[in-house]
Number of protein chains: 2
Amino acid sequence: MASTKIDHDTGTLGKAVAVLEAIAVSDTPMRFRDLTNCIDQPRGTLHRQVSNLLEEGLLEINADQSYSLGFRFLKFAARAWSSNGFREIAEPHLKALHELTGETIHLGILKGAEVIYLDKVESRQAVRMHSQVGNSSPCYCTGVGKAGLSALPNAEIIARLSDVNFNQFTSTTLTSPQAVLSEIDEIRASGNAYDREEHEPGIHCIAAPVFTEDRSVVGGLSVTAPCYRVPVEKLEAWAADVRNAAKAIMEELPIKMGPRA
Amino acid sequence: MASTKIDHDTGTLGKAVAVLEAIAVSDTPMRFRDLTNCIDQPRGTLHRQVSNLLEEGLLEINADQSYSLGFRFLKFAARAWSSNGFREIAEPHLKALHELTGETIHLGILKGAEVIYLDKVESRQAVRMHSQVGNSSPCYCTGVGKAGLSALPNAEIIARLSDVNFNQFTSTTLTSPQAVLSEIDEIRASGNAYDREEHEPGIHCIAAPVFTEDRSVVGGLSVTAPCYRVPVEKLEAWAADVRNAAKAIMEELPIKMGPRA
DNA sequence: AATGATGTTCCATTATTTGGAACATAGTTG
DNA sequence: CAACTATGTTCCAAATAATGGAACATCATT
């Protein structure tokens with residue numbers, strides 16, 4: 001329910017996107033009334049904005065008068081998804097790693113100090129593109145994030161972490177740029193980053209960095225598992241496999257990752 | 001390359017979406033220059049629109065100065081995809097039907113007189129979510145479309161077809177509401193609709209309707225195949241399987257399809 | 001150094017968005 | 001059933017944001 005109230009001065013567009021965001025993020029069906037509560041605009045105004053979004057096919061109204069993201073997004077989704085060269089190249093390697101480990105595999109890239117998840121391979125999941133995909137997490141408390149950072153020069157890491165509000169999610173969360181930096185050396189030496197229950201209690205992971213030669217795309221992949229079922233030793237046993245998967249992906253990457261490489 | 005120039009009078013929003021659409025649809029990387037060619041707005045104006053989209057995270061600019069859909073878009077797209085209850089319920093059944101037939105399976109819903117494709121299961125396709133997904137076709141010349149129509153009362157069918165511009169894609173394309181209606185009876189009787197090379201020469205399909213009890217969501221699924229490889233007799237042999245898949249999906253559908261059923 | 005192509009900024013004019021209030025439509029309760 | 005309340009929809013003068021043309025900047029090429 002925590003809404004990020006940043007004032008992009010993108011005028012009309014920003015407000016339209018805020019509506020979409022509110023509907024996308026909500027776990028419960030949003031009717032018009034619910035929107036008026038969380039959007040803070042006069043009813044008349046909001047109504048027209050929603051109408052426009054409906055007309056453009058970006059929103060849809062359901063039988064129960066709740067809104068959901070429109071079919072127009074499906075089209076865009078299909079395009080964005082299938083034309084993301086990075087994701088596409090990585091996919092078979094993610095699947096292979098999943099076969100090997102039986103655990104959840106994540107692929108993510110760094111945007112500033114955030115990790116954006118591009119793909120996920122999960123066990124019992126017939127459906128691809130799970131909720132996590134497209135979402136973001138801070139880089140300082142995730143395996144993929146720290147792995148990605150390790151591919152950047154220290155100065156760049158400091159720059160990216162300087163404006164970050166460190167949130168102590170668990171007792172092991174790193175809470176300062178210095179703490180992150182000191183781990184980065186180990187990651188560079190070993191080629192693997194760990195998330196030791198730093199984001200969610202009971203969940204840990206092992207990751208490895210994936211990046212283009214020119215560092216225009218920097219990210220990583222990870223094997224994530226619940227601690228109760230998978231001990232650290234088992235994660236460590238997968239270290240080389242994770243690195244190899246990352247290496248295999250990088251060998252297929254073009255130097256410059258264009259939009260549809 | 002054919003762009004649909006419909007003038008939704010959604011003001012600013014419509015123009016922004018037009019830019020997104022141009023970038024999403026293009027098969028080649030779009031730089032700023034390319035946008036000015038296909039958008040028909042003064043450079044200054046277009047530049048600001050793009051800037052706003054960039055700031056909102058809906059667009060991204062690549063190292064080679066080309067644009068692609070931004071991570072914010074991935075988020076929305078992923079939500080729209082995974083929260084589409086209809087698609088989600090249908091997916092395993094589509095896969096099963098694909099296993100059985102070895103041919104391409106489509107899932108689509110009717111919006112007015114258009115079929116919007118929600119999902120597709122294809123053979124050699126490691127990647128799901130192909131280009132076709134999210135696109136639309138006329139209902140009068142597709143199996144899914146005619147199947148969907150058959151679930152509606154005749155009056156509704158006539159209403160939906162009344163404003164349609166019938167386009168004779170092939171020699172077998174139905175080109176009038178009457179022609180469609182007269183086929184509808186057969187479809188209702190048999191439970192299957194055929195596309196007999198009515199949209200594309202050399203391609204035919206067999207479909208069955210899928211719909212909610214209250215007809216708030218009406219669509220269908222189909223097995224599509226090239227004529228040279230799959231004769232009509234083979235399609236007919238799958239008739240019961242297609243109907244059964246449709247039936248199985250409908251049994252899982254809630255009466256009212258909420259946004260995240 | 002000059003040229004042309006592409007990308008960016010600026011600002012008076014123009015057109016769109018805004019917000020409040022009035023209207024409409026359920027749904028609820030005394 | 002009538003009065004009431006919550007919700008959804010429409011309207012229009014006032015406020016605001018988008019427009020477009022031209023000037024400026026940047027870059028590659030000759």
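All chains are named by letter (A, B, ...) in the order of the sequence lines, taking the proteins before the strands, and each is independently numbered beginning at 1. Note that this is a predicted model, so its numbers are computed, not measured. Computed from heavy atoms alone, side chains included, the values below leave out hydrogens, waters and symmetry copies.
Aromatic ring centroids of Tyr67(A) and Phe32(A) lie 6.0 Å or more apart.
A sub-4.0 Å separation between OP1 or OP2 of dT7(D) and a side-chain N or O of Gln65(A) is absent.
Across the protein-nucleic acid pair, Arg48(A) atom CZ and dT16(D) atom P stand 15 Å apart, rounded to whole Å. In this structure, the CD atom of Gln41(B) is 14 Å from the P atom of dA15(C), given to the nearest Å. Computed from coordinates, the Asp40(A) CG to dG20(C) C1' distance equals 15 Å when rounded to whole Å. In this structure, Asn62(B) places its CG atom 13 Å from P of dG7(C), rounding to the nearest Å. Regarding Asp34(B), its CG atom lies at a distance of 9 Å from the P atom of dT6(C), rounded to whole Å. For the pair Leu46(B) CG and dG21(D) C1', the interatomic distance rounds to 15 Å; values are reported in whole Å. Whole-Å rounding puts the His47(B) NE2 to dA23(D) P distance at 19 Å. Taking atom CG of Asn37(B) as the reference point, atom C1' of dA5(C) lies 12 Å away to the nearest angstrom.
Arg188(B) CZ to Leu149(B) CG: the interatomic distance, rounded to the nearest 0.5 Å, is 9.0 Å.
Between the side chains of Thr10(A) and Glu55(B), no donor-acceptor pair is found at a separation under 3.5 Å.
Classified by interplanar angle (parallel below 30°, tilted 30° to 60°, perpendicular above 60°), the ring pair Tyr117(B)/His106(B) is tilted. In this structure, Tyr140(B) and Phe169(B) have parallel ring planes: the angle between them is below the 30° cut-off, well short of the 60° mark.
Judged by distance alone with a 3.5 Å cut-off, no donor-acceptor contact links the side chain of Arg43(B) to the base of dG21(D).
The side chain of Pro42(A) lies closest to dG19(C), out of dG20(D), dG8(D), dG19(C). Closest approach to the Lys15(A) side chain among dT6(C), dT9(D), dT18(C) is made by dT18(C) (side chain taken as heavy atoms from C-beta onward).
The 5' end of DNA chain D is approached more closely, in terms of each residue's nearest nucleotide, by Ile61(A) than by the other of Thr12(A) and Ile61(A).
When heavy atoms are screened at a 4.0 angstrom cut-off, Thr45(B) is found touching base atoms of the nucleic acid.
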